[in-house]
2 protein chains.
Amino acid sequence: MVRVTKLTDYGIALMARLANEHGGNQLTAQDLSEAMGIPLPTVRKLLKTLARDDLLESTRGAAGGYKLARTAEEISMMDMVTSLEGPVAMTECSADRDCDCSLQEICGMKENWSFINEQFKNTLKNFSLAQMAGSLAEKQAARDTLSQSLEAET
Amino acid sequence: MVRVTKLTDYGIALMARLANEHGGNQLTAQDLSEAMGIPLPTVRKLLKTLARDDLLESTRGAAGGYKLARTAEEISMMDMVTSLEGPVAMTECSADRDCDCSLQEICGMKENWSFINEQFKNTLKNFSLAQMAGSLAEKQAARDTLSQSLEAET
DNA sequence: CGCAAAGAGTACCGTTTTAGTCTCTTTTGA
DNA sequence: TCAAAAGAGACTAAAACGGTACTCTTTGCG
């Protein structure tokens, strides 16, 4: 479906909630579950994944919790999507690793798919968590950034 | 997985093969199955879908077959992906229709997702079947087109 | 110390989607 | 009339998704 999974959507919503928590304030899985209306076990699973990939910093033990590992400006949609659902690859053959697609010899579209894949990855890279958690004004900034990066590339 | 399904990949490969068939020459499902090494029943299913959405023209009966309904330049990746796997929507809430996402009130990211979704759709709209079936030189054209369209939008 | 809160890791299961097949019908050229 | 070919739709096995449960480790605090 060319779609991000529901869990990824949840995960990014959690990140956005954490991005709006200023001053290094931590939130527990419990806090986030209640704030976002997502079942606690699911929240835990997502936060664990995000922490393992160094997007979140976790503190264990009593008075533990989670906070962003970097500023929201320094975390891109690409980082989050990759963490939550693995490498972004439109097709088998556009993944980084070698693929075992039986059509590879015949179809000849690998490079074209890779090109489209890169375009898409750029869109995600140029959209930060800060923008995702933020306002319409910040969306305009993203648009400008993307536009510039494409010009630079050409 | 932010991935196009295998069947969509196959479908586009079939379209590319038909794009390289010049002079209104028709190919049968059988021909395409043999040419691409994709099982016949699967090929049939895909061609039916593409024909129903007016990307292919079909002729029934003996000596029947399929050919492109328009030129390869006039068929975009967006047309094909949409036909083969339905509307492109990164999340439930970025589909055109109203969604029943329980987070809608809380997460506040709907507009941001829509924006990313539009960027992605533009990438697909600006890449034609001709480019997909064609050479590296044509890829550069796609890059230019996309870049221009983004500038215009800003 | 010992308890309770909180994260880490992993395994499990029901549901949905995907990938692929099969059967039957309709159309049409020879 | 027959055979080739498309159209429509049902059906099935396998994989992915969404969610849960269980066990273990870490740590603050009385």
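Note: hydrogens, waters and symmetry copies are ignored here, and every other heavy atom, side chains too, is used. Because the structure is a prediction, the values reported are computed rather than measured. So you know, we letter chains A, B, ... as the sequences are listed, proteins then strands, and number each from 1.
- Residues meeting the side chain to side chain donor-acceptor pair (under 3.5 Å) test with A:Glu21, sequence neighbours left out: A:Arg17, A:Asn25.
- Residue B:Lys45 contributes atom NZ, which lies 17 Å from atom C1' of C:dC24 at whole-angstrom precision.
- Remark: A:Thr8 engages A:Val4, A:Thr5, A:Ile12, A:Val81, A:Leu84, A:Glu85 in a side chain to side chain contact (heavy atoms under 4.5 Å, CB included) (not counting sequence neighbours).
- Every residue two or more places apart in sequence or in another chain was checked for a side chain to side chain donor-acceptor pair (under 3.5 Å) with A:Thr49, and none qualifies.
- Along DNA chain D, the nucleotide closest to A:Ala63 and the one closest to B:Gln30 are compared, and the more 5′ of them pairs with B:Gln30.
- Both A:Thr28 and B:Thr42 sit near DNA chain C, but only A:Thr28 has its closest nucleotide nearer the 5' end.
- Using a 4.5 Å cut-off on side-chain heavy atoms (C-beta onward), B:Met132 and A:Met109 make contact.
- With a cutoff of under 4.0 Å to any heavy atom of chain A, the contacted region of DNA chain D is bounded 5' to 3' by D:dC17 to D:dG28.
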Review item, nucleotides 13-18 of chain C N/O atoms under 3.5 Å of protein N/O:
none

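- For B:Lys67, the salt bridge (charged side-chain N to carboxylate O under 4.0 Å, His left out) partners at least two apart in sequence or on another chain are B:Glu57.
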Distance-only check: which donor-acceptor pairs under 3.5 Å involve side-chain atoms of residues 30-48 of chain A, not counting sequence neighbours?
residue : atom : partner : partner atom : Å
A:Gln30 : NE2  : A:Glu34 : OE2          : 2.9
A:Asp31 : OD1  : A:Thr28 : OG1          : 3.3
A:Asp31 : OD2  : A:Thr28 : N            : 2.9
A:Asp31 : OD2  : A:Thr28 : OG1          : 3.2
A:Ser33 : OG   : A:Ile38 : O            : 2.7
A:Ser33 : OG   : A:Leu40 : N            : 3.4

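- Checked against side chain to side chain contact (heavy atoms under 4.5 Å, CB included), B:Arg70 has the following partners two or more places apart in sequence or in another chain: B:Leu55, B:Glu74, B:Ile75, B:Asp79.
- Applying the side chain to side chain donor-acceptor pair (under 3.5 Å) criterion to A:Thr82, with sequence neighbours excluded, gives no partner residue.
- For DNA chain D, the neighbouring residues in residues 46-61 of chain A, judged by any heavy atom under 4.0 Å, are A:Arg60, A:Gly61.
- Distance B:Leu40 CG to C:dT23 C1': 14 Å, rounded to the nearest Å.
- Partners of A:Asp53 under the side chain to side chain donor-acceptor pair (under 3.5 Å) rule, at least two apart in sequence or in another chain, are A:Ser83.
- Of the candidate nucleotides C:dG7, C:dG20, C:dG29, C:dG29 has the atom lying nearest to any side-chain atom of B:Ala62.
- Every residue two or more places apart in sequence or in another chain was checked for a salt bridge (charged side-chain N to carboxylate O under 4.0 Å, His left out) with B:Arg60, and none qualifies.
- Side-chain N or O atoms of B:Asn117 include none that pairs as donor or acceptor with a backbone N or O of B:Trp113 at under 3.5 Å.
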